[in-house]
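A short worksheet on the structure shown next.
When a ligand or atom number is given, it counts from 1 through the structure's own listing order.
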Amino acid sequence: MTVYIIGFMGSGKSTAGKKLASLKGWKFIDLDSMIEEKEESSITELFERKGEEYFRMTEAECLREIGSSDGLVVACGGGTPCYHGNMDYMNNNGITVYLEMSPRALASRLSQAKHSRPLIAGLTDSDMESYISEALDERKEYYEKAKIKFDGLKGEIRSLAQDLQDYAP
Ligand code: S3P
């Protein structure tokens, strides 16, 4: 089974994905890191040099390059589900898990971690929460297609691992 972890920037996708993979003894891939390696560039540089459209194309290509395999957890970027039919692709090839978190919690987590994220790097702390609320509203239709919804603050990875057993072939 391939598990795709999705959710807004700052919701803890990589941390949760790594924990889940280690609990299950599965492989872990971080999609943003894969893009950075492939392009030999940080995400910030990539946005600056080639623009968001190029980034989204590379993101979709890398997602498909990973393919699906037994025992794999993929942590996606926050925007991954919203472009190039990626959400349908993931739902057709594995189990999607949406890490849900409120705009307030996301804003506080992101205030220290915005510099490596080109979409929010220029925002002040006071603009952050309203930007997140609006972006979440736009992205909701994709995120809501996830097979499993998981509370990003209170959820236990152990219980997520249990829930996933219902989907085992
Ligand atoms: C993005 C989220 C980032 C990264 C890029 C764009 C987004 O990943 O893919 O900066 O559109 O929400 P994280 O969610 O891991 O920060």
Side-chain angles (χ1 to χ4, degrees), residues 2-22 27-66 72-90 94 96-125 127-146 148-153 155 157 160:
T2 301
V3 177
Y4 299 97
I5 312 283
I6 66 162
F8 205 77
M9 289 176 265
S11 57
K13 299 178 291 292
S14 301
T15 307
K18 272 183 208 158
K19 271 193 201 157
L20 177 66
S22 98
K27 198 179 157 195
F28 172 76
I29 295 178
D30 186 276
L31 188 57
D32 279 339
S33 306
M34 180 177 171
I35 295 167
E36 291 184 323
E37 272 170 40
K38 194 174 179 193
E39 293 289 320
E40 296 179 339
S41 164
S42 69
I43 302 284
T44 301
E45 274 169 18
L46 198 58
F47 266 70
E48 275 170 14
R49 283 195 294 115
K50 302 206 168 166
E52 182 171 355
E53 220 171 285
Y54 179 86
F55 170 78
R56 296 301 174 196
M57 208 183 65
T58 311
E59 181 179 49
E61 275 169 16
C62 285
L63 183 67
R64 283 156 184 79
E65 215 173 279
I66 292 167
L72 172 64
V73 180
V74 181
C76 296
T80 310
C82 317
Y83 297 88
H84 298 297
N86 293 339
M87 193 62 197
D88 289 339
Y89 172 84
M90 293 189 280
T96 44
V97 177
Y98 173 29
L99 247 58
E100 283 185 295
M101 220 176 261
S102 70
R104 175 148 302 180
L106 290 167
S108 103
R109 289 162 61 96
L110 283 168
S111 75
Q112 300 301 315
K114 61 184 181 190
H115 303 291
S116 57
R117 293 175 164 103
L119 294 178
I120 54 167
L123 294 181
T124 61
D125 282 357
D127 288 339
M128 185 76 84
E129 198 176 324
S130 55
Y131 170 83
I132 294 171
S133 295
E134 278 172 33
L136 262 181
D137 269 354
E138 282 168 19
R139 291 181 169 186
K140 206 178 253 163
E141 63 170 302
Y142 302 97
Y143 291 162
E144 294 288 332
K145 284 185 177 179
I148 295 178
K149 303 213 177 100
F150 183 75
D151 184 326
L153 284 180
I157 298 297
L160 173 61

### Selected option - heavy-atom contact closest to atom 15 (O) of ligand 1, from D32, L110, I43
D32
### Any N or O of G78 closer than 3.5 Å to N or O of ligand 1
yes
## Note on the structure
Rounding to 0.5 Å, atoms CZ (F150) and CD1 (I5) come to a distance of 8.5 Å
### Query
At under 4.0 Å between heavy atoms, which part of L31 makes contact with ligand 1: side chain, backbone, both or neither?
neither
### Task
For P118, take its heavy atoms, then give the atoms of ligand 1 lying under 4.0 Å from any of them.
10 (O)
### Task
Using distance alone, determine whether L119 and ligand 1 share an N or O pair under 3.5 Å.
no
### Task
State the atoms of ligand 1, each with its element, that fall below the 4.0 Å cut-off from a heavy-atom position in K13.
13 (P), 14 (O), 15 (O)
### Distance (rounded to the nearest 0.5 Å) between M9 CE and L119 CG
5.0 Å
### Query
Just how far is it from atom CG of L31 to atom CD1 of I43, taken to the nearest 0.5 Å?
8.0 Å
### Query
Can you tell me if CZ on R64 sees more than 12 non-hydrogen neighbours from other groups inside 6.0 Å?
yes
### Query
Heavy atoms only: which of K114, R56, R117 is nearest to atom 6 (C) of ligand 1?
R56
#### Entry: I35 side, atom CD1; R56 side, atom CZ - distance, nearest 0.5 Å
8.5 Å
### Task
Give me the ring orientation class for Y89 and Y4: parallel if the planes are under 30° apart, tilted from 30 to 60°, perpendicular past 60°.
perpendicular
### Query
Applying a 4.0 Å heavy-atom criterion (strictly less than), which segment of R139 is in contact with ligand 1: side chain, backbone, both, or neither?
side chain
### Task
Would you mind checking if D30 and K13 are paired as a salt bridge, meaning a charged N to carboxylate O distance below 4.0 Å?
no
### Query
Which residue owns the protein heavy atom closest to atom 7 (C) of ligand 1, what's the atom, and how far is it?
G79 N, 3.3 Å
